[in-house]
Amino acid sequence: MVKSPPSSSTCRSRPDAMSAGTDGDGVIDADVLMNLVATNQATEILSVRRSPMRVCAVTERELIYICDGEGRRVSIDLSPLFTAGVLVRVDLTAAETARYVGLAAEIDDGEAQVLAVAAIRGLPAATDDRRARRCAERLAVPIISTTMLLRAWAESAKPSPMALRETLIRIERGANHVPARDDPSRAWWDDHARLVDD
Amino acid sequence: MQTTPDVDIGRRLQERRRTRGNTQQQVADRLGVSRPTVAAIEAGQRRFTPEFIVRLAEAYGVSVSNLVRSPAPPIVELAAQFRLPHEVEPAERGELEHATADLEELVGDYLYLEQLIGAPMTALPSPPYRIDPDRFPAQAETIAETERRRLGLGEGPLYRLRDLLEREVGMRIFSLRLPRSVAGLFAVAQEAGPCVAINADHPNTRQRWTLGHEFGHYLTSVLGSEVTRLPASRRISSEERFAEAFAGAFLMPRNGLQRRLTEIKSRGQPTVADLLVLAGDYEVSPQALVLRLEDLGLVGPGLWDRLQASRLDLTAARAHLGVEGPAPDGRMLPARFMLLAIEAYEHDDLSERQLADLLHLDRLSVREILRSMARAEVESGGEVTAVEFDLSEPA
């Protein structure tokens, strides 16, 4: 049975960084997935969650490259993440397809599929895209960001400061991503990515 | 669930199919429907369910977002305007058809961005000139001088010609992969004004000549299109002759050139090196410069033929003198197009993926651009804030 999208009266409050990062189901967008792949530890980071993240067909198709340590482009291979069971493919139901086509009027196909599945199934969506997040807020879809997932992993796995720094730098260099200025975890990111060797 | 019939989606699908050279039957086969059904879909006479819109997008090779986007990108009918020259080789014909389709799509995207930002192109209206074949080539000379005056360009070399024509004249100029024998595409569309594609693989000097040539066309045509071939066709029309003469006069104005040559002659007999440096200054090829000097009677006739016969290695000489000129302009999109797209992204009118699609780049490249162009940030007391630029007049 297909769940109805949550109405504003049933809108969940925005989860805090820790619980959103470790809670179960979710639908992940290409921008967040690309950041995680750039860490070389996507399996470990996503393993902190209790359930696998769902991936839509368009998301999978649009993930093409990240940069390696030498600045060369390397193709993204998601198969280890599917094999490890931290990602699962999702097929859209008729209701989700209808929602997807409606959302595609304002956002791109990948983001529209993610939000359609998240809205209809009542799941959080993992995306950093401002426009997609604005859309998600209107749909009362809880949002997970790259930084939420990383903080949850850092709390759980407790990597050394240097290992955490390395992970963040890999995202900056490999996926050309730093959190937006208004990201609540931007200060956390800056503190850990800019550690100076003693 | 049924949605209302959408004439706009139908038109968009039809345009997409035509520009990609597909038949209705081919699309019908992909969709598993009859050809008349496809005709009805394109005519906006069918209702679309969401599932069918997804199937349509797949069959026509376009994203769902492109079909249903709101506000809808304007449909610009440019590709159909081009009459491909008979002498184009069959192998190049397909390439040319793709290029005209690409130009049409890019111009549509450009208008869409202007619509999103609310910033339509504002440019100086060009006075229309009428070509008088009895007044060749003096008329081209006069119009080039008038245009230089109108645009406030003086009589010296023109730098950043592409940016200048975009900014001051309102031409929409793209750098595209065109067949080797094609220097440029020119068309004027009702909604978009003058639109140009230059050959991304041609040398910069040739690209500049093409821009001058296409500007000449624009000044003498209200609506129309042209495929500029290389070398010019043997049966050259009066419009082509005008555009060629105009390009030379616009890039190398008589008075400025005369003054430079007088300076050179005051030091002694001009040498090949002098000519190469002069060509470098004007960012034209040595051939274009010497033929222009011949036309103006500033050097004796036949100089270019003699230079060619002398077997001088002009390429090596230019390299030794360091006057090879800039690299080909491979920027597919106009600078203003890029700025509008980034502004739309900054205003949350576009997502990262939509920005990538409009710029014809992958996400990684778009992020590189965004990071390099990101507003400057300062950190103070743990707060990261943007540096604000105050462009108001000082008190």
Side-chain angles (χ1 to χ4, degrees), chain A residues 29-31 33-35 38 57-59 61-67 71 73-74 76 92-113 116 127-135 172 174-183 186-187 189-191 194, chain B residues 1-3 6 8-9 48-58 62-73 116 344-358 361-372 374-379 381-387:
Chain A
D29 195 11
D31 60 344
L33 200 41
M34 182 174 159
N35 296 339
V58 176
T59 304
R61 275 205 301 272
E62 74 177 63
L63 278 168
I64 311 173
Y65 303 113
I66 50 167
C67 278
R73 280 165 181 246
V74 287
I76 291 177
L92 272 64
T93 63
E96 287 160 356
T97 301
R99 184 65 71 93
Y100 150 50
V101 172
L103 287 168
E106 52 182 316
I107 47 179
D108 204 75
D109 287 19
E111 295 139 1
Q113 285 199 345
T127 179
D128 290 327
D129 191 87
R130 284 201 312 262
R131 190 165 163 81
R133 293 165 76 94
R134 215 172 57 188
C135 218
E172 290 189 4
N176 271 319
H177 173 82
V178 284
R181 266 196 317 279
D182 57 359
D183 186 317
R186 172 66 186 261
W189 182 290
D190 287 339
D191 285 349
R194 310 281 168 255
Chain B
M1 179 184 151
Q2 298 243 306
T3 63
D6 196 320
D8 206 43
I9 290 182
F48 305 130
T49 61
E51 288 88 347
F52 197 64
I53 289 178
V54 175
R55 280 180 62 202
L56 282 172
E58 279 167 9
V62 66
S63 71
V64 170
S65 155
N66 264 319
L67 286 183
V68 301
R69 199 187 294 171
S70 174
L116 272 185
Y345 172 78
E346 291 289 337
H347 292 172
D348 291 351
D349 289 327
L350 294 175
S351 68
E352 185 182 89
R353 179 70 253 172
Q354 286 172 316
L355 179 65
D357 284 346
L358 279 167
L361 295 170
D362 57 56
R363 271 184 192 270
L364 195 59
S365 308
V366 160
R367 287 182 177 187
E368 268 169 33
I369 291 174
L370 290 173
R371 279 190 74 183
S372 69
R375 286 183 186 172
E377 292 178 348
V378 284
E379 193 179 339
E383 281 272 301
V384 182
T385 53
V387 175

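Numbers restart at 1 for each chain; the letters A, B, ... are given by sequence-line order, proteins then strands. Only heavy atoms go into these numbers, but all of them, side chains included; no hydrogens, no water, no symmetry mates.
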Pair count under 4.5 Å, heavy atoms only, with chain A: among B:V68, B:V366, B:D357, highest is B:V68
Counting only heavy atoms closer than 4.5 Å, note whether A:A132 contacts chain B via side chain, backbone, both or neither. neither
Between the side chain of B:R69 and the main-chain N/O of A:A104, is any donor-acceptor distance below 3.5 Å? no
Quick one: what part of A:C67 sits under 4.5 Å from any heavy atom of chain B, side chain, backbone, both or neither? both
Counting only heavy atoms from other residues, nucleotides and ligands, does the tally under 6.0 Å from OH of A:Y65 exceed 12? no
Please confirm whether A:R131 makes a cation-pi placement over B:Y345, using NZ or CZ under 6.0 Å from the six-membered ring centre and within 45° of the ring normal. no
Should A:R73 and B:S365 be marked as a side-chain hydrogen bond (donor to acceptor under 3.5 Å, both in side chains) after you check the CA-CA gap, both sets of side-chain angles, and the distance that decides it? CA-CA 10 Å; A:R73 280 165 181 246; B:S365 308; 2.7 Å; yes
Side chain from CB out, backbone as N, CA, C, O: work out which of these in A:E111 comes under 4.5 Å of a heavy atom of chain B, or both, or neither. side chain
Answer with side chain, backbone, both or neither: which region of A:Q113 has an atom nearer than 4.5 Å to a non-hydrogen atom of chain B? neither
If you define the side chain from C-beta out and look only at heavy atoms, does anything of B:V54 sit under 4.5 Å from A:Y100? yes
Roughly how far, to the nearest 0.5 Å, is the CD atom of B:E51 from the CG atom of A:L92? 10.0 Å
Interchain contact, A:L63 with chain B, by part (heavy-atom threshold 4.5 Å): neither
B:L364 and A:M34, any side-chain heavy atoms less than 4.5 Å apart: yes
Which heavy atom of B:I53 sits nearest a heavy atom of A:V101, and at what distance? CD1-CG1, 4.0 Å
Taking only Lys NZ, Arg NE, NH1 and NH2, and the carboxylate oxygens of Asp or Glu, determine whether B:R353 and A:D31 approach each other closer than 4.0 Å. no
Select one option (side chain, backbone, both, neither) describing which atoms of A:D129 are under 4.5 Å from chain B's heavy atoms. side chain
Trace of the side-chain contact (heavy atoms from CB on, under 4.5 Å) decision for A:H177 with B:R371: CA-CA 8 Å; A:H177 173 82; B:R371 279 190 74 183; over 6 Å; no
Keeping the roles fixed (side chain from B:D348, backbone from A:R130), state whether a donor-acceptor pair exists under 3.5 Å. no
Regarding B:E58 and A:R61, does a basic nitrogen lie under 4.0 Å from an acidic carboxylate oxygen? no
Once rounded to the nearest 0.5 Å, what's the spacing between atom OG of B:S351 and atom CD1 of A:I107? 7.5 Å
Heavy-atom pair count under 4.5 Å with chain B, highest-scoring of A:I64, A:I66, A:L103, A:D109: A:D109
Gap separating the CG atom of A:N176 from the CD atom of B:E368, nearest 0.5 angstrom: 5.0 Å
The test is side-chain contact (heavy atoms from CB on, under 4.5 Å); show your working for A:D108 and B:E352 and say whether it passes. CA-CA 9 Å; A:D108 204 75; B:E352 185 182 89; over 6 Å; no
